[in-house]
Protein chains: 2
Amino acid sequence: MTIGELAKTSGVNAKLIRHYESIGLIPKAARTESGYRFYKESDAQFLRFIKRARSLGFSIKEIKTLIGLWRNKSRASKEVKALAKNHIKELEKKIKEMQEMVDNLQSLARSCHGDSRPECPIIKSLEE
Amino acid sequence: MTIGELAKTSGVNAKLIRHYESIGLIPKAARTESGYRFYKESDAQFLRFIKRARSLGFSIKEIKTLIGLWRNKSRASKEVKALAKNHIKELEKKIKEMQEMVDNLQSLARSCHGDSRPECPIIKSLEE
DNA sequence: TATTGACCTTCCAATAATGGGAAGGTGGAA
DNA sequence: TTCCACCTTCCCATTATTGGAAGGTCAATA
């Protein structure tokens, strides 16, 4: 499989596959005589694994750990669960921060007339 | 005021003040004969404005717009309100995405025994 | 006066993840 | 042979912030 075909079957675009290789997230691909990378089916599965983990918000660094856990068939499930729980905590922390921003802004926006007059509590709150 | 003093009174560190100058977010500072930047009180207020806006999650680009609105004493408050509303929408969109990640992970984590056995639905879900 | 330490300067680089483009080589089909 | 689609590497941009290196300046102290 060429890198373009792998991109199609894995859903990860070729540019990104090369990048993942360059940072050591995936192993260096085998090459044809002319230097083209070539892949096998299982490489697509690997990339899909990465893509799913990304869609759950795991960072590349966390995914490296996840890959290790994935490959280690005898590791305890509590190790994986701990990683997930920790990740959930981080996500929840960010969500909370953003929700606080929204709440603050909502209350400012509510108190702003939003008409053609220049008086604006939103701006005023930034001045203080 | 030197940049270090400004950093203290504004709460924005010196490195970042120079950066803000380099990207044109704040005007170029006046210089002493020896090349040191120097500032006045109102510069600290300006930086605090920026810092507050950042803490509400506005991007540097949005802040540039906000500064324009701030300076324009005759602009309509509805312009500011529109910017804020738009920003709220973006924040809420991100929050929703992250909340979906959390929900998915929570349900996976719940179904994972989290003991010493290797079977793990979290990993399994990434394999599919 | 010489030294010292705290502060200032600029420039370069790194972070995280992805995308875009340029310049050039390769493969296969018409 | 020519042509197009694909491949290669390398560099750059994004966003906001921080870090360091190498070197100049200021003020106080020995």
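What you are looking at is a predicted structure, and each value in this text was computed from that prediction instead of being measured. Convention: sequence-line order gives letters A, B, ...; per-chain numbering from 1.
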To the closest 0.5 Å, what do you measure between [atom1] ([X]) and [atom2] ([Y])?
| X | Y | atom1 | atom2 | value |
| --- | --- | --- | --- | --- |
| A/N72 | A/I67 | CG | CD1 | 13.5 Å |
| A/R52 | A/L47 | CZ | CG | 11.5 Å |
| B/L83 | B/L69 | CG | CG | 6.5 Å |
| A/F46 | A/K40 | CZ | NZ | 10.0 Å |

**Request:** Kindly say whether B/T9 contributes a backbone atom to a donor-acceptor pair with the side chain of B/R48 at under 3.5 angstrom?
**Result:**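 Here the side-chain-to-backbone pair exists.
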
**Item:** Side-chain (A/S77) to main-chain (B/R117) donor-acceptor, under 3.5 angstrom
**Value:** yes

Nucleotide [N], atom [atom2] - distance to [atom1] of [X] in whole Å:
| X | N | atom1 | atom2 | answer |
| --- | --- | --- | --- | --- |
| B/E5 | D/dC26 | CD | P | 14 Å |
| A/K15 | D/dC7 | NZ | C1' | 11 Å |
| A/K8 | D/dA5 | NZ | P | 12 Å |
| B/L16 | D/dG19 | CG | P | 11 Å |

**Message:** Could you tell me the boundaries of the chain B footprint on DNA chain C, defined by atoms under 4.0 Å from its heavy atoms?
**Reply:** C/dC7 to C/dT10

**Asked** Listed in order of residue number, which residues of residues 17-45 of chain A have a non-hydrogen atom at under 4.0 Å from DNA chain C?
**Response**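 Contacts with DNA chain C under 4.0 Å: A/H19, A/Y20, A/S34, A/Y36.
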
**Message:** Can a side-chain donor-acceptor contact be found between A/Q99 and A/D103 if the only test is distance below 3.5 angstrom?
**Reply:** yes

**Prompt:** Looking at B/N13, does any N or O in its side chain come under 4.0 Å of the phosphate oxygens OP1/OP2 on D/dT18?
**Reply:**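 Checking B/N13 against D/dT18: at least one side-chain N or O falls below 4.0 Å of OP1 or OP2.
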
**B/R37/B/E21 salt bridge by N-O under 4.0 Å criterion** = yes

